[in-house]
Student: 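Starting off with a structure, shown below.
Everything quoted here is computed from the prediction, not taken from an experiment. Both ligands and their constituent atoms are indexed starting at 1 by order of listing.
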Amino acid sequence: MMLTLPKKATIIEVGPRDGLQNEKLFVPTEIKKQFIASLRGAGIKEMELTSFVSPQWVPQMADAAEVVFECLDSLTRNFVLAPNQKGINRVYMTNCNAVAVFIGVSDSFNQRNINKTTQQGMAELIPLIQELKEKHYFVRACISTAFYCPFEGKIDPSHTIKLCHEFVEAGVDELSVADTIGMAAPNEVYSLFSQLKTTFGNILLTAHFHDTRKLALSNILAALQAGIDRFDTSAGGLGGCPFAPGAAGNVATEDVVYMLERMDINTGIDLNKLLEAIEIIRPHLSRPIESTYFRLNTFAN
Ligand code: HMG
Ligand code: MG
C-alpha cells in the first residue's frame, strides 16, 4: 500500500522562542537576532520570534520587545506569544501582525504555566482573540498537553477537541496542537489529528512535538497520514517548557527537514544553511546539540 503524502510541508520554526525559553543562561539579544536572521536565510518562512510573557516567569524572554523591533520582516510570518492583556498591549506597541496565544488542556499544567485554570485562561483569551481579529491580526492558538499532562496523565481527546472548538469559535486562524511532554504514540497522534482534520477542515492545523521519548519523527509521519502538513520544529532540537517537567527539546528542524525531503516533500529549507544557523546559537547553550542530522554532519559535538 502506498503512503498518501503531501507534495510540500510548512515548517514553523520555534527555536528562538520555545527553543530558548528554557535556557538558564541569558542568550545575548544580538545573538538571538543573528540566529533569527540566519534561520530566515535557510528558508524559514514562519517563525516564533519571542514571547511577551512576564520576565519574572521567563527571564530569557525579557528582551522580547527589542527582538521584535529588530527582527520583523515582511517576507516571513513572525509570531510573538502573548498570554494575557498585558502581553497583547505589548504586541500593539509593535508592527507585529501575527500573535500566538497559548493554553493547556489540563488545569494542573495551566496553574503552573499561567497561574490560572483552563476556564479562567480561556475567559481572558477569548475577548483578546476577538479584538485581535477585529484589528486583522493573524491569530494562532497553541494548545499544550493535548495528549498527556505531566501532572494529570492521559488527556481525554474530547477535552482537547472541545478546547479547539472554543478557539475556532473565537476566530483563530490556526490551531497548533502540542504533545508538550513528548509522550504521545503515533496511533494517538493519527487518531486525534484525523478527528481535528474532519472537524476543523477550514483552519490551519499544525502539529507540535517534543522528542522526549524519540517518538517525534514517528508522530510526524502519523500526522502526515492524517492530512497534516504544518509542523512546529526547533533548530538544533532546543527547547522545552520551563513549567512542564519532562518537556525535553522540540523535534529538531534539521531532522524533520531531512526526513521530509527524503520523502520528496518539499520544505524550501536549505539544510547546510540551517546548520550554520545552529552554529550561531550553539556556543551560548547550556547543553550540546543532540539532533541526529547535526551529529552526523558536523564535527562539533
Ligand atoms: P501572574 O504572576 O499570575 O500575573 O503571572 P500578574 O498579572 O500577577 O503579574 C505578575 C507580574 O508580571 C507583574 O509585574 C506584571 O506586570 C507582570 P510586577 O507588577 O510584579 O512588576 N506581567 C507581565 N510582564 C510582561 N508581559 C506580560 C505580563 N503579564 C504580567 N505579558 C502570567 C501570569 C501569565 C503573566 C505568567 O504566568 C507568565 O508570564 N507565564 C508565561 C509562561 C510561559 O511563557 N510559558 C512558556 C510558553 S507556553 C509553551 O512553551 C508551550 C508551547 O510550546 C506548546 C507546548 O509545547 O505545549 C506553546
Ligand atoms: Mg513547546
Side-chain angles (χ1 to χ4, degrees), residues 12-23 47-68 79-94 96 99-106 108-118 120-125 128 139-152 155 160 163-164 167 172 174-184 192 206-212 216 219 231-235 237-253:
I12 299 93
E13 172 61 46
V14 300
R17 193 281 304 173
D18 203 350
L20 295 184
Q21 71 185 8
N22 217 12
E23 279 298 314
M47 182 157 26
E48 288 184 354
L49 296 184
T50 184
S51 49
F52 282 147
V53 294
S54 166
Q56 290 156 23
W57 283 62
V58 188
Q60 187 64 253
M61 299 287 118
D63 59 356
E66 204 181 327
V67 168
V68 172
F79 291 104
V80 175
L81 266 73
N84 56 9
Q85 180 76 63
K86 184 155 190 178
I88 300 293
N89 290 346
R90 293 174 69 197
V91 170
Y92 290 152
M93 292 165 73
T94 72
C96 182
V99 177
V101 295
F102 58 94
I103 198 161
V105 181
S106 63
S108 325
F109 171 73
N110 287 325
Q111 294 281 15
R112 286 162 178 89
N113 197 41
I114 53 169
N115 205 16
K116 295 181 188 73
T117 63
T118 313
Q120 287 166 342
M122 288 305 278
E124 177 158 17
L125 287 182
L128 294 176
V139 182
R140 153 180 166 97
C142 302
I143 295 143
S144 295
T145 62
F147 297 89
Y148 287 87
C149 167
F151 314 104
E152 295 180 23
I155 298 294
T160 302
L163 197 62
C164 290
F167 275 125
V172 300
E174 178 188 7
L175 296 168
S176 169
V177 178
D179 179 24
T180 309
I181 54 168
M183 206 163 174
L192 181 62
T206 302
H208 178 119
F209 295 116
H210 287 256
D211 207 15
T212 320
N219 285 338
F231 300 98
D232 290 351
T233 66
S234 174
L238 314 178
C241 176
F243 308 101
N250 292 71
V251 65
T253 307

Student: With nothing but distance in play, are any N or O atoms of Lys116 less than 3.5 Å from an N or O of ligand 1?
Tutor: no
Student: For atom 55 (C) of ligand 1, which of the options Ala178, Ala141, Cys142, Gly87 provides the nearest non-hydrogen atom?
Tutor: Ala178
Student: Below 2.8 Å, any N, O or S contact between His210 and the Mg ion (ligand 2)?
Tutor: yes
Student: With backbone taken as N, CA, C and O and side chain as the heavy atoms from C-beta onward, which portion of Phe243 lies under 4.0 Å from ligand 1: side chain, backbone, both, or neither?
Tutor: side chain
Student: Among protein heavy atoms, which lies nearest atom 45 (N) of ligand 1, and at what distance?
Tutor: Asn113 OD1, 2.8 Å
Student: Among the heavy atoms of Arg17, does any lie under 4.0 Å from an atom of ligand 1?
Tutor: yes
Student: Could you tell me whether ligand 1 has any atom less than 4.0 Å away from a heavy atom of Pro55?
Tutor: yes
Student: Taking Glu152 for the side chain and Ser108 for the main chain, is one N or O donor matched with an acceptor at less than 3.5 Å?
Tutor: yes
Student: I'd like to know if atom 40 (N) of ligand 1 has any protein heavy atom within a distance of less than 4.0 Å.
Tutor: yes
Student: Going by distance alone, is a donor N or O of one side chain under 3.5 Å from an acceptor N or O of the other, for Asp232 and Ser176?
Tutor: yes
Student: Quick test of your reading of the structure: of Trp57, Phe147, Phe209, whose heavy atom lies closest to atom 2 (O) of ligand 1?
Tutor: Trp57
Student: Heavy-atom pairs closer than 4.0 Å: do any link ligand 1 to the side chain of Val58, the backbone, both, or neither?
Tutor: side chain
Student: Taking Gln60 for its side chain and Asn22 for its backbone only, find out whether a donor-acceptor pair lies under 3.5 Å.
Tutor: no
Student: For atom 33 (C) of ligand 1, which candidate among Val14, Val91, Ile114 holds the nearest heavy atom?
Tutor: Ile114
Student: Backbone or side chain, does any N or O of Pro83 fall under 3.5 Å from an N or O of ligand 1?
Tutor: no
Student: Pick one of side chain, backbone, both or neither for how Asp18 approaches ligand 1, counting any non-hydrogen atom pair under 4.0 Å.
Tutor: side chain
Student: Asn113 and Cys241: which non-hydrogen atoms are nearest, and at how many Å?
Tutor: OD1-SG, 3.6 Å
Student: So Asn110 and Thr118, side chain to side chain donor-acceptor pair (under 3.5 Å) or not? Walk me through it.
Tutor: CA-CA 6 Å; Asn110 287 325; Thr118 313; 2.9 Å; yes
Student: Please list the nearest protein heavy atom to atom 17 (C) of ligand 1 with its residue and the distance rounded to 0.1 Å.
Tutor: Ser54 OG, 4.0 Å
Student: Of the listed options (Gly121, Ser144, Ser234, Gly182), which comes nearest to atom 54 (C) of ligand 1 when hydrogens are ignored and any heavy atom counts?
Tutor: Ser144
Student: Among Lys86, Arg90, Gln56, which one has a heavy atom closest to atom 26 (N) of ligand 1?
Tutor: Arg90
Student: Among all the protein's heavy atoms, is there at least one whose distance to atom 4 (O) of ligand 1 comes out below 4.0 Å?
Tutor: no
Student: Within 4.0 Å of atom 8 (O) of ligand 1 (strictly less), any protein heavy atom?
Tutor: no
Student: Determine if the distance from atom 11 (C) of ligand 1 to the closest protein heavy atom is below 4.0 Å.
Tutor: yes
Student: Considering only heavy atoms, does Gln21 approach ligand 1 within less than 4.0 Å through its side chain, its backbone, both, or neither?
Tutor: side chain
Student: Are any non-hydrogen protein atoms located under 4.0 Å from atom 21 (O) of ligand 1?
Tutor: yes
Student: Check whether any N, O or S atom of His208, backbone or side chain, sits closer than 2.8 Å to the Mg ion (ligand 2).
Tutor: yes
Student: Any N/O/S atom, side chain or main chain, of Asp18 closer to the Mg ion (ligand 2) than 2.8 Å?
Tutor: yes
Student: Is any N or O atom of Asn84, backbone or side chain, closer than 3.5 Å to an N or O atom of ligand 1?
Tutor: yes
